[in-house]
Amino acid sequence: MSTVDPLVLAVETSCDETSAAILHGDRAVLGHVILSQDAHALYGGVVPEIAARAHLDAIDDVVAGALRQAQTPLPAIDVFAATAGPGLIGALLVGLTWTKATAWSLGRPFVPVHHMEAHLFATALADAAAVPPFVALLVSGGHTLLLHVRAWGDYRLLGETRDDAAGEAFDKVAKILGLGFPGGPRIEAAARSGNPAAHPFPRPMLAGQQQPSDPDYCDFSFSGLKTAVLTRTRHLERQGSLAPHIADLAASFQAAVVDVLVTKTVRAVERTASSRVVLGGGVSASRVLQTALGNALRGRATLHVPTPRLATDNAAMIASAALFRHGRGETGSLSATARADLPFPGLVREDRPDVPAA
Ligand code: KG4
Ligand code: ZN
């Protein structure tokens with residue numbers, strides 16, 4: 001860190017966390033506030049309109065809190081950044097509009113940030129060795145991506161989900177089992193007293209003798225697994241014997257997801273001859289996933305995991321990605337707008353590097 005490093009204020013409002021962070025240099029997080037909206041628990045999922053209104057209510061206080069922690073007055077900020085997508089459009093617009101207006105009023109540059117690129121930067125905020133080249137497994141509520149990160153900004157898509165994201169599967173299965181929202185931590189807690197071998201759920205896209213040349217060799221699919229849990233749950237319900245099976249169902253489902261994620265990540269490491277793996281996104285908070293992946297990679301590659309606070313949505317990772325983009329001179333114009341399906345910058349298909357991958 002040097003005195004010439006810019007002081008970045010970043011805001012994240014893509015889903016149900018209102019967050020602001022002040023970053024100085026690569027890893028010095030001077031202030032960081034994350035406010036989770038709990039109203040969504042009542043509905044078993046994020047309600048977009050409620051999320052947008054809650055961001056609007058909270059944003060002033062959340063930013064003020066981060067500035068207070070950093071002991072920094074707003075005019076001292078050199079660069080402003082906000083998540084521009086992907087995410088819920090109404091929620092994104094709150095953070096993006098607030099930040100652009102503030103940057104404009106102070107005459108400072110504004111950097112729009114891609115939420116999933118930011119998840120790539122999160123681990124390095126607390127682990128200086130989590131830098132490219134590496135294989136990244138990004139597992140969140142909206143995405144499941146296996147990437148070869150050759151350098152910051154240079155991303156090859158190795159695999160992605162063909163239907164539900166991993167976190168989405170956790171959330172839907174938690175709802176089926178009546179465990180509440182968000183699903184990941186609820187399933188992990190319930191699974192602690194369950195037997196992961198009790199229900200032999202399918203391991204999608206692991207079956208048979210898959211070959212590296214198969215188009216889905218590193219891809220994921222979680223929708224069929226979710227349906228298998230639903231069918232088994234309904235069957236037990238009809239028999240009136242669901243309650244004693246909840247822990248086993250949670251543990252068996254979690255084991256199937258983890259098995260698929262771990263196997264595909266090992267394939268990606270072999271394919272790219274990588275010596276480092278970086279985990280990111282909310283599902284990477286799973287201790288079960290961290291342990292299983294760490295064991296599978298032993299002797300092949302080192303595993304870098306984000307701290308629990310940096311695994312789920314947070315503004316420090318947005319600030320870090322913004323610092324990288326700003327360093328490359330990529331300051332966005334004030335006309336930059338929010339996009340629910342913002343393309344991942346610098347991401348190309350592994351087999352067709354001339355083709356951008358969404
Ligand atoms: O990255 P994130 O905070 O938000 C998005 O960008 O989507 O990820 C949220 C997802 C949710 O689906 C949540 O259920 C999941 O991360 N999650 C977990 C765990 N903690 C959060 N999934 C599995 N195990 C966990 N311990
Ligand atoms: Zn996220």
Side-chain angles (χ1 to χ4, degrees), residues 10-19 21 34-38 40-41 44-46 48 51 55 82-88 91-92 95 113-123 125 136-145 161 164-177 179-192 194 196 220 222 225-226 229 250-251 253-262 278-293 305-318 320-321 340-342 344:
V11 168
E12 152 67 34
T13 63
S14 68
C15 192
D16 59 342
E17 266 90 24
T18 316
S19 180
I34 305 170
L35 187 71
S36 293
Q37 306 172 357
D38 41 15
H40 306 289
V46 178
H55 286 308
T83 309
L88 304 170
L92 287 165
V113 173
H114 188 282
H115 182 84
M116 295 311 292
E117 183 181 35
H119 272 300
L120 282 178
F121 282 81
T123 305
L125 282 164
L137 174 65
L138 294 184
V139 269
S140 71
H143 295 82
T144 306
L145 294 167
T161 184
D164 291 355
E168 188 181 356
F170 271 99
D171 293 336
K172 286 178 175 168
V173 166
K175 202 168 178 176
I176 291 168
L177 298 179
L179 293 172
F181 178 84
R186 306 286 180 104
I187 294 220
E188 190 167 24
R192 269 185 213 117
F220 307 92
F222 295 111
L225 170 59
K226 174 194 65 193
V229 178
F253 162 75
Q254 180 176 252
V257 176
V258 166
D259 211 6
V260 174
L261 293 174
V262 167
V278 170
L279 257 185
V283 181
S284 66
S286 163
R287 298 304 301 266
V288 178
L289 173 61
Q290 293 179 5
T291 305
L293 193 51
V305 299
T307 62
R309 196 167 149 81
L310 293 169
T312 46
D313 288 351
N314 69 87
M317 69 182 192
I318 306 298
S320 184
D341 61 347
L342 191 70
F344 200 126

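Just follow the structure's listing: the first ligand is 1, and inside any ligand the first atom is 1.
Looking at A191, P308, G184 and measuring to atom 25 (C) of ligand 1, the nearest heavy atom belongs to G184. The heavy atom nearest to atom 11 (C) of ligand 1, out of those in I34, D171, N314, is found in D171.
Considering backbone and side-chain atoms alike, G141 places an N or O below 3.5 Å from some N or O of ligand 1. Residue-to-ligand polar distances keep E17 apart from ligand 1: every N/O pair is separated by 3.5 Å or more. Between M116 and ligand 1, not a single N/O pair is under 3.5 Å apart. Backbone and side-chain nitrogen or oxygen atoms of G282 are examined, and one is located within less than 3.5 angstrom of a nitrogen or oxygen of ligand 1.
Those atoms of ligand 1 that come under 4.0 Å of a heavy atom in E188, given as number and element, are 25 (C), 26 (N). Shown in contact with G167 at under 4.0 Å from a heavy atom are these atoms of ligand 1, numbered in order with element: 12 (O). Numbered from 1 in the order shown, with element, the atoms of ligand 1 that lie under 4.0 Å from a heavy atom of G142 read 7 (O).
Among heteroatoms of the N, O or S kind in H115, NE2 lies nearest the Zn ion (ligand 2). In D313, the N, O or S atom that comes nearest to the Zn ion (ligand 2) is OD1.
Contacts of T312 with ligand 1, taken as heavy-atom pairs under 4.0 Å, involve both backbone and side chain. Counting heavy atoms closer than 4.0 Å to ligand 1, residue H119 contributes side-chain atoms (C-beta onward) but none from N, CA, C or O. Contacts between H115 and ligand 1, counted as non-hydrogen atom pairs separated by less than 4.0 Å, involve the side chain only.
From I34, atom CD1 reaches atom CD of E17 across 7.0 Å, with rounding to the nearest 0.5 Å.
Under a 4.0 angstrom heavy-atom cut-off, P185 registers as being in contact with ligand 1.
For residue H119, an N/O/S atom approaches the Zn ion (ligand 2) to within less than 2.8 Å.
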